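As the structure is a computational prediction, the values presented were derived from the model and not from experiment. Naming: A, B, ... by sequence-line order, numbering from 1 per chain. Worth knowing before you read on, the calculation uses all heavy atoms, side chains too, and leaves out hydrogens, waters and symmetry mates.
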Amino acid sequence: MFCMLPAYSPTSTCINVTQNGWFFPLDARTLVLHDRHLTFGLNMASCHAPQASFFPQISPPFSADTSSSPIVSCRFPCRYASLQVSSPSSGTFVPRAEEKTKTERNIFACAATASRLVAEKPAPTKKKTTITKEEGLVLYEDMVLGRSFEDMCAQMYYRGKMFGFVHLYNGQEAVSTGFIKCLKEGDFVCSTYRDHVHALSKGVPARSVMSELFGKATGVCRGQGGSMHMFSKEHGVLGGFAFIGEGIPVATGAAFKSKYEKEVLKNDKVDAVSVAFFGDGTCNNGQFFECLNMAALWKLPIIFVVENNLWAIGMSHIRATSDPNIWKKGPAFGIPGVHVDGMDVLKVREVAIEAIARARRGDGPTLVECETYRFRGHSLADPDELRKPAEKAHYAARDPILALKKYLLQHNLADENELKSIQTRIDEVLEDAVDFAEASPLPPRSQLLENVFADPKGFGIGPDGRYRCEDPSFTAGTAQV
Amino acid sequence: MAISFMACHALAGTQSNINSTIYCPSRHQPLVSGRLDVRRICVSMRAAAEKGHTSAASLPGIPRASKLITSAVAAKSEATTSSPSTKPGHEVLLFEALQEGLEEEMEKDPRVCVMGEDVGHYGGSYKVTKGLAEKFGDLRVLDTPIAENSFTGMAIGAAMTGLRPIVEGMNMGFLLLAYNQISNNCGMLHYTSGGQFTIPIVIRGPGGVGRQLGAEHSQRLESYFQSVPGLQMVACSTPYNAKGLMKAAIRSENPVILYEHVLLYNLKERIPDEDYTCCLEKAELVRPGKDVTILTYSRMRHHVLQAAKTLINNGYDPEIIDIISLKPFDLYTIGNSIKKTHRVLIVEECMRTGGIGASLRSSIIDNFWDYLDAPIMCLSSQDVPTPYAGPLEDATVVQPPQIVKAVEQLCQ
């Protein structure tokens, strides 16, 4: 299926990151081809970009025919530029470069089946390690915690310990770990219903999250929120929202407060940033665009992180979105749009560090699209019948935890025993969390009417003239409101 | 305390009912149609009133009215809670009272900020935030893009992290676009977070049926939001309670929706100089009586007062209560009144179906059934989108003659 990339005039910037001296590493393995969809990137190491602004510039098309489009071309030769697509290995991937029109040759980013790229095994470049051993182990442990926790959730759900809608994060750990481990205390995270791992990465104890899932009074939200509403004031987790898009304005508000505190309350020590996580489906929602506009307008310290796992329950991102390149939507608002391989925690981390630094400096928001994948269904109730096995296999091969493990071992940052001991430790943490949650009490009846209002006078004045909250049946939770 | 109205008579043949009170469109109000002749009359009437003409009948061009008690409230001794001040006070229009309350709270607490469309440089479409942006800066009085859902959500996020925002809906109807945030986050987030985050937000704006504004600008949002748990709703009706409720709402830790009315912004009243607030949960006893309890709020309070003049002249003694708190209801004040009069008439501007009146009626039956001598009568707007045409619009809203008739019926 042939799709034209939209034309850009030479003066318009499709990615204006270069103006900021931004650069970010993209792995060419982010080349994934779907019908009418193409994302592309460059492996920095392979391109040896000498300066910051290497990213695809707008330059004149190779042919003299300026009316043709698209006209994005790369300044530096890319190893993958000449890759042609062979016959598709499965129905999911449709060859794009088969149409050898003049305009096609102008297209910088070429198509390749991702499976081919993985199989190709590019020669390992001797690049410096980007993390220290401690950092590497922190990342590894956090991802293992996230994965093991979600696996335990599934187990507990099927054993009837938790109910309702539970959305698991397996496969996407690199995004959560990559971003949240770069934040500091005082920063805010805002998530969606797939929020267990965001809460864990931010520092909420596994015990509290598990208790909340079990609906116990010791849960992080006293059992009142549940799987989709993880909040923690102590750790700066602003939720946990069931409706998609709902959390983005909340994160924008937290960023607004940061700016307000600096500029109105004159508190220079404040430099909190907010990170909003949401999915590909949300990027078609009005609140997404409205918040991109406001954040750009007021240069709010926020990072919009799109966890593009290609599926919104059963709706493929391609079927739902006119231009599936979400990162491109940032520049429309004057925000840098970054596309990164969300299955590689080190790449996500590099992008995160830069984006967070940008926000803290006061340079404004960034839109980061992470290409990622959920290994499980949308929720534990989802039969997950629509996704092709080939696609799942492709991403299973790119498991972020295995990739980081391999990296750590290859670069001698850790050995097998250390990594195994981390896994053991995490298993113990989870056993403890489950035991704690099991042993915790259910919320008492008296808790029913608490927390409806911050000021319980909001329940009003009863017929006897007293505030209803002073009524003993009220505090017992047996009053009818 | 007497509340003096600006009484204008709309010409051009749209109004024939002299008993209804028509509010003088402000020169600032952008929604007034080009009826310059009305404005001129109003200006001249205001000037005439200041010169000392108090009776509408003595002004030129106004048909002679029968002998009327000019103020329903002044007939009784001052047992009202309207204005207990002994100091001289100062006269303000309702929108100025709101502005005063807002400004005082912003001066007091630097965390208080305003967000909304055209609240900053434009000064607010009803001038409630006039001058505030110049005084406090563009960030504290934030002009937002037209994105109700998102800027309401932004205000909620800011409230969760420590600010005290006031969100202005340019018209309450626009907040339908923010229903997602108001219901899910504003109302429920304190609960779903287990009490960790408070949302000390105030959502305010003009609603209600105006003067031929069309269906979409004439909505009564109080009936839509009343079911959202975790929200408090109050409606102001006089400059005194407008300022008091504004201040109380800002100081409250709960999310509060403050309903103003498009036609009441130019009510004039003398309010105290000193700092005061009104209780968010208490109803206001406007006029004590013994024959019937009339429960009302917002603009309908003034229609009820207008009708009360007739009723008093005809020998009835209505007790008029402005419920102020639309959610929760002040069952104590209401109950005491019912125990005295045993007859209830609810006069509201909401639609018949699912309005505040419907909830109030149900609440009264639950709590005070034994004290009732007659079925509760509820006068509401018709379940009709508000038409543009003047006579049709008047027919959808409760008018004073209907109130008079209802009381007569109840008291039989």
Side-chain angles (χ1 to χ4, degrees), chain A residues 188 190 219-226 229 231-234 238-243 245-261 263-265 272 274 286-287 290-291 293-294 297-298 450-455 457-468 481, chain B residues 110-111 113 115 136-137 139-140 142 144-145 147 149-163 165 180-181 184-185 189-200 229-232 252-256 280-283 325 327-336 367-368:
Chain A
F188 297 106
C190 208
V220 71
C221 298
R222 307 179 79 196
Q224 288 167 192
H229 304 285
F231 290 84
S232 171
K233 189 166 180 133
E234 190 190 345
L238 300 178
F241 296 95
F243 289 19
E246 216 173 32
I248 308 177
V250 172
T252 311
F256 177 82
K257 189 256 179 180
S258 261
K259 185 182 168 85
Y260 187 99
E261 203 163 338
E263 296 184 17
V264 176
L265 302 179
S274 302
Q287 286 174 99
E290 290 172 1
C291 288
N293 178 45
M294 291 197 292
L297 189 62
W298 299 315
E450 293 170 22
N451 308 139
V452 177
F453 288 104
D455 178 0
K457 295 218 290 280
F459 278 110
I461 300 172
D464 57 1
R466 287 187 307 167
Y467 275 99
R468 300 191 63 192
V481 295
Chain B
R111 299 171 300 164
C113 56
M115 296 181 191
F136 295 109
L139 211 56
R140 271 192 92 178
L142 187 73
T144 60
N149 204 10
S150 292
F151 71 68
T152 306
M154 194 174 94
I156 291 167
M160 283 164 74
T161 46
L163 294 185
N180 178 5
Q181 293 289 343
N184 290 357
N185 290 345
L189 199 143
H190 183 72
Y191 193 80
T192 50
S193 68
Q196 291 181 82
F197 290 102
T198 53
I199 326 275
L231 288 180
Q232 267 189 270
S252 170
E253 293 302 312
N254 296 334
V256 179
L280 291 173
E281 297 90 26
K282 281 212 176 79
S325 177
K327 182 182 175 165
F329 296 129
D330 177 3
L331 294 175
Y332 183 61
T333 310
I334 293 169
N336 285 349
N367 288 290
F368 308 114

Against chain A, work out which of [options] has the most heavy-atom pairs shorter than 4.5 Å and name it.
options: B:Met115, B:Gln181, B:Glu253; result: B:Gln181
options: B:Ala147, B:Ser193, B:Gly195, B:Cys113; result: B:Ser193
options: B:Asn180, B:Asn367, B:Thr198, B:Leu280; result: B:Asn180
options: B:Thr152, B:Leu189, B:Asn185; result: B:Asn185
options: B:Pro200, B:Gly335, B:Gly153; result: B:Gly153

Practice prompt. Sort out for me which residue in B:Leu331, B:Ile334, B:Asp330, B:Asn336 forms a side-chain contact (heavy atoms from CB on, under 4.5 Å) with A:Pro463.
Written response: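 Testing each of B:Leu331, B:Ile334, B:Asp330, B:Asn336 against A:Pro463, the sole residue satisfying side-chain contact (heavy atoms from CB on, under 4.5 Å) is B:Leu331.
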
Within-4.5 Å side-chain heavy-atom neighbours: [X] and [Y]:
X: A:Phe241; Y: B:Thr192; result: no
X: A:Lys233; Y: B:Phe197; result: yes
X: A:Phe256; Y: B:Leu139; result: yes
X: B:Pro145; Y: A:Leu297; result: yes
X: B:Gln232; Y: A:Asp455; result: no

How many angstroms lie between [atom1] in [X] and [atom2] in [Y], if you round to the nearest 0.5 Å?
X: B:Met154; Y: A:Gln287; atom1: CE; atom2: CD; answer: 13.0 Å
X: B:Thr144; Y: A:Trp298; atom1: OG1; atom2: CH2; answer: 6.0 Å
X: A:Glu263; Y: B:Arg140; atom1: CD; atom2: CZ; answer: 13.5 Å
X: B:Asn184; Y: A:His229; atom1: CG; atom2: NE2; answer: 8.0 Å
X: B:Ile199; Y: A:Phe453; atom1: CD1; atom2: CZ; answer: 12.5 Å

Fill in: Check against side chain to side chain contact (heavy atoms under 4.5 Å, CB included), A:Phe188 and B:Met160
CA-CA 11 Å; A:Phe188 297 106; B:Met160 283 164 74; over 6 Å; no

Item to complete: Answer with yes or no whether the side chains of B:Tyr332 and A:Arg466 bring together a donor and an acceptor at under 3.5 Å.
Response: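 No, no side-chain donor-acceptor pair sits under 3.5 Å.
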
Worksheet entry | B:Asn149 and A:Glu290: side chain donor to acceptor below 3.5 Å |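 Their side chains do not contain a donor-acceptor pair, so the 3.5 Å distance test is not met.
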
Please classify the contact of [X] with chain A as side chain, backbone, both or neither, using a heavy-atom distance under 4.5 Å.
X: B:Phe368; result: side chain
X: B:Ser325; result: neither
X: B:Thr333; result: neither

Provide the closest heavy-atom pair for [X] versus [Y] in the form atom of the first, atom of the second, distance.
X: A:Asn451; Y: B:His190; answer: O-CD2, 2.8 Å
X: B:Thr161; Y: A:Lys257; answer: O-CE, 3.0 Å
X: A:Tyr260; Y: B:Pro110; answer: OH-O, 2.6 Å

Interface residue of largest heavy-atom contact number with chain B, from [options], under 4.5 Å:
options: A:Gly458, A:Gly286, A:Gly465; answer: A:Gly458
options: A:Cys190, A:Gly460, A:Ser258; answer: A:Gly460
options: A:Val220, A:Ile248, A:Asn293; answer: A:Val220
options: A:Leu265, A:Val452, A:Thr252; answer: A:Val452

Residue part contacting chain B, namely of [X], when any heavy atom lies under 4.5 Å:
X: A:Asp464; answer: backbone
X: A:Ser232; answer: both
X: A:Phe243; answer: side chain
X: A:Leu238; answer: both
X: A:Glu261; answer: neither

Worksheet item: Between A:Gln224 and B:Tyr191, is there a donor-acceptor pair closer than 3.5 Å when you use the side chain of the first and the backbone of the second?
Response: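 Checked: pair present.
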
